[in-house]
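This report concerns only the one structure given below.
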Amino acid sequence: MIRTVDSPSHVSAPVLAAYSYCETVTGQQARNFAYGIRLLPTPKRRAMSALYAFSRRVDDIGDGDLADGVKLKRLEDTRALLARVREDQVEEDDTDPVAVALAHAARAFPIPLGGLDELIDGVQMDVRGETYETWDDLKVYCRCVAGAIGRLSLGVFGTEPGARGAERAPEYADTLGLALQLTNILRDVREDAAGGRTYLPADDLAKFGCSAGFDGPTPPEGSDFAGLVHFEVRRARALFAEGYRLLPMLDRRSGACVAAMAGIYRRLLDRIERDPEAVLRGRVSLPGREKAYVAVRGLSGLDARHVTRHVSPRSVRRRP
C-alpha cells in the first residue's frame with residue numbers, strides 16, 4: 001500500500017506564493033491536466049501543480065529554439081536542481097518558485113523524484129533526435145516522459161488502505177501514462193513532423209505505407225493512413241483498459257482526478273478514430289462542456305465502479 005504523508009496544516013507565505021506560481025503555470029499551459037487536478041483536495045492539487053511546473057520547464061527546454069548543445073546543458077542544470085530538491089537543500093526563500101514548491105511537495109508526500117530524472121532522460125532523447133523502430137523501442141521513451149509522470153502522481157495520490165492488488169498500482173499508473181502519451185503522439189503527428197520529429201514506430205509506418213512522413217494535410221500517396229491510426233488506437237485502448245485498473249485503488253477524489261484526465265484523452269482517441277485525417281488538418285481537442293461532463297463522471301465514481309465490476313480477483317495478481 002502506498003500512503004500519503006499528511007501535509008502540515010500551516011504553509012508559510014513563501015511556499016504558498018511558490019505554489020500559486022505553479023498553479024498559474026498549470027492553468028495556462030495544461031488545460032486538460034488542470035481540469036483533472038482541480039478535483040483534488042488542496043494539498044494534493046498544489047503538489048500536482050508543482051510536479052507539472054517542473055515537468056513543463058523540462059519540456060520547454062526540449063521544445064525551445066536553442067542549439068542542441070545548450071539544451072543538453074540546461075537539462076543537466078535542471079537535473080542538478082532536482083538533486084538539490086532530493087537532498088532537501090532548497091530553502092523556502094529560494095528565488096526559484098518551482099524548486100520551492102516541489103521541495104515542499106516532496107516533504108509532504110512520498111513522491112518518487114527519480115521519475116523526474118526519467119523525464120529529463122526522455123527529453124534528452126528528443127534533443128538527440130532519436131527515432132523508434134518498434135513499439136518496444138517507443139515504450140522506453142513513453143515510460144520516461146509519461147509513465148514516470150503516472151508514477152510520480154501516484155506518490156501524491158496514494159492508495160486506499162486494504163486496496164486489493166495495490167502492489168501493482170505503480171505498474172498501472174505507468175501503463176496509463178503510456179496510453180496518454182500514445183494518444184498525444186497520434187494527436188500531434190503533423191505538428192511533430194513539422195518540427196522534424198517522428199515518434200510512431202518505423203515498422204508500423206512501413207506496414208501501412210506511411211514511411212514518407214506527414215508534411216501536409218493529406219496522407220502520403222498510396223498509404224493506408226486510416227489503417228495506421230486505427231492500429232495505434234487499438235494499442236492505446238488496450239493500454240487504457242490495463243491502466244484503468246488503478247482507479248479502484250484510489251480514494252474518491254484522486255480517482256476522480258485520474259478518471260477525468262484519462263477520460264478526456266479517451267474521448268480524444270474516439271474523435272481521432274472517427275476521423276483519422278483530422279490530425280493532419282489541425283489539433284484535435286474537446287470543447288469545455290465535454291471536459292466538464294468527463295469531470296463530473298469521474299467525480300461520481302462511475303469509471304471506478306465500472307472497472308471494479310470487470311476486474312476479477314485473478315486479474316490483479318502479479319504475473320509470473
* Got more than 12 heavy atoms from elsewhere within 6.0 Å of CD, E91? -> no
* Would you kindly confirm whether V123 and L66 end up in one hydrophobic cluster when ILVMFWY residues are joined by side chain heavy atoms under 4.5 Å apart? => no
* pair P220-F214: side-chain heavy atoms closer than 4.5 Å -> yes
* **R86/D117 salt bridge by N-O under 4.0 Å criterion** => yes
* NZ (K73) with more than 12 external heavy atoms under 6.0 Å -> no
* Asked: Would D77 and R74 satisfy salt bridge (Lys or Arg N to Asp or Glu O under 4.0 Å), going step by step from the backbone distance to the final call?
  -> CA-CA 5 Å; D77 290 344; R74 291 201 176 182; over 6 Å; no
* Answer yes when R197 and D63 have at least one side-chain N-carboxylate O distance shorter than 4.0 Å, and no when they do not. => yes
* Ion pair present between R267 and D270, side-chain N to carboxylate O less than 4.0 angstrom? -> no
* Would you say V70 and V58 are hydrophobically clustered, going by side-chain heavy atoms of ILVMFWY under 4.5 Å? -> no
* To do: Identify the heavy atoms of D251 and K44 that sit nearest to each other, and give their distance.
  => OD2-NZ, 2.9 Å
* **R79/D121 salt bridge by N-O under 4.0 Å criterion** => yes
* Asked: Under 3.5 Å, is there a donor-acceptor pair between the side chain of S20 and the main chain of A17?
  -> no
* Contact check, side chains of D137 and E130, non-hydrogen atoms, under 4.5 Å -> no
* Asked: Is the number of heavy atoms from other residues, nucleotides or ligands within 6.0 Å of OH (Y21) greater than 12?
  -> no
* Considering residues, nucleotides and ligands other than E221, do more than 12 of their heavy atoms fall under 6.0 Å from its CD? -> no
* For residues Q181 and R143, determine if any side-chain heavy atom of one lies less than 4.5 Å from a side-chain heavy atom of the other. => no
* Checking R281 side chain against P217 main chain: does a donor-acceptor pair fall under 3.5 Å? -> no
* Working to the nearest 0.5 Å, report the span between CG of L40 and CZ of F157. => 5.5 Å
* Any Y265 side-chain heavy atom under 4.5 Å of N184 side chain -> yes
* Indicate the atoms forming the closest heavy-atom contact of S55 with L116, along with that distance. => OG-CD2, 3.7 Å
* Asked: Is there a side-chain contact between L51 and I149, using heavy atoms and a 4.5 Å cut-off?
  -> no
* To do: Mind listing the closest non-hydrogen atom pair of L39 and R253 along with its distance?
  => O-NE, 3.1 Å
* Asked: Taking everything shown except R190 itself, do over 12 heavy atoms lie less than 6.0 Å from its CZ?
  -> yes
* To do: With sequence neighbours excluded, tell me which residues meet salt bridge (charged side-chain N to carboxylate O under 4.0 Å, His left out) with R151.
  => E118, D174
* **side chain to side chain contact (heavy atoms under 4.5 Å, CB included) partner of C142, the single match among L182, L239, L180, L178** => L178
* Point-to-point distance, once rounded to the nearest 0.5 Å, from CZ of F54 to CG of L81 -> 5.5 Å
* Do V15 and V100 come close enough that some side-chain heavy atom pair is under 4.5 Å? -> yes
* Asked: Which atoms form the tightest heavy-atom contact between P219 and F225, and what is the distance?
  -> CB-CB, 3.5 Å
* Determine whether L138 and I185 make a side-chain contact, defined as any pair of heavy atoms from C-beta on separated by less than 4.5 Å. => yes
* Asked: CZ of R245 to CE of M249: how many Å apart, nearest 0.5 Å?
  -> 9.0 Å
* Which pairs pass ring pair (Phe, Tyr, Trp, His ring centres under 6.0 Å) with one or both residues in residues 60-85, sequence neighbours excluded? -> none
* To do: For D96 and R84, run salt bridge (Lys or Arg N to Asp or Glu O under 4.0 Å): C-alpha distance rounded to whole Å, both residues' side-chain angles, the deciding distance at 0.1 Å, then the answer.
  => CA-CA 12 Å; D96 187 336; R84 287 180 55 217; over 6 Å; no
* Inter-residue atom distance I264.CD1 - L269.CG, 0.5 Å rounding -> 13.5 Å
* **Those residues that, when tested against D224, pass salt bridge (charged side-chain N to carboxylate O under 4.0 Å, His left out) (two or more places apart)** => none
* When the ring planes of Y132 and Y199 are compared, do they come out parallel, tilted or perpendicular, using 30° and 60° as the limits? -> parallel
* Asked: How many angstroms lie between atom CD1 of I61 and atom NZ of K71, to the nearest 0.5 angstrom?
  -> 10.0 Å
* Asked: Out of E273, E242, E232, which one pairs with R237 under the side chain to side chain donor-acceptor pair (under 3.5 Å) rule?
  -> E273
* Structure fact -> What one should report as the nearest heavy-atom pair of V85 and A103 is CG1-CA, 3.8 Å
* Any side-chain heavy atom of L102 sitting closer than 4.5 Å to one from V90? -> no
* Asked: Has the side chain of Y19 got a donor or acceptor atom that lies under 3.5 Å from a matching backbone atom of S49?
  -> no
* Gap between atom SG of C22 and atom CZ of R56 - 0.5 Å precision -> 13.5 Å
* With a 4.0 Å cut-off, would you call R283 and D188 a salt bridge? -> yes
* Asked: Counting distance only, does the side-chain N/O of R45 pair as donor-acceptor with the main-chain N or O of I37 below 3.5 Å?
  -> no
* What are the two closest non-hydrogen atoms of L205 and L200, and how far apart are they? -> CD1-O, 3.8 Å
* Asked: How far apart are the C-alpha atoms of L119 and L152, what are their side-chain angles, what is the distance that settles it, and do they pass the side-chain contact (heavy atoms from CB on, under 4.5 Å) test?
  -> CA-CA 11 Å; L119 174 62; L152 286 159; over 6 Å; no
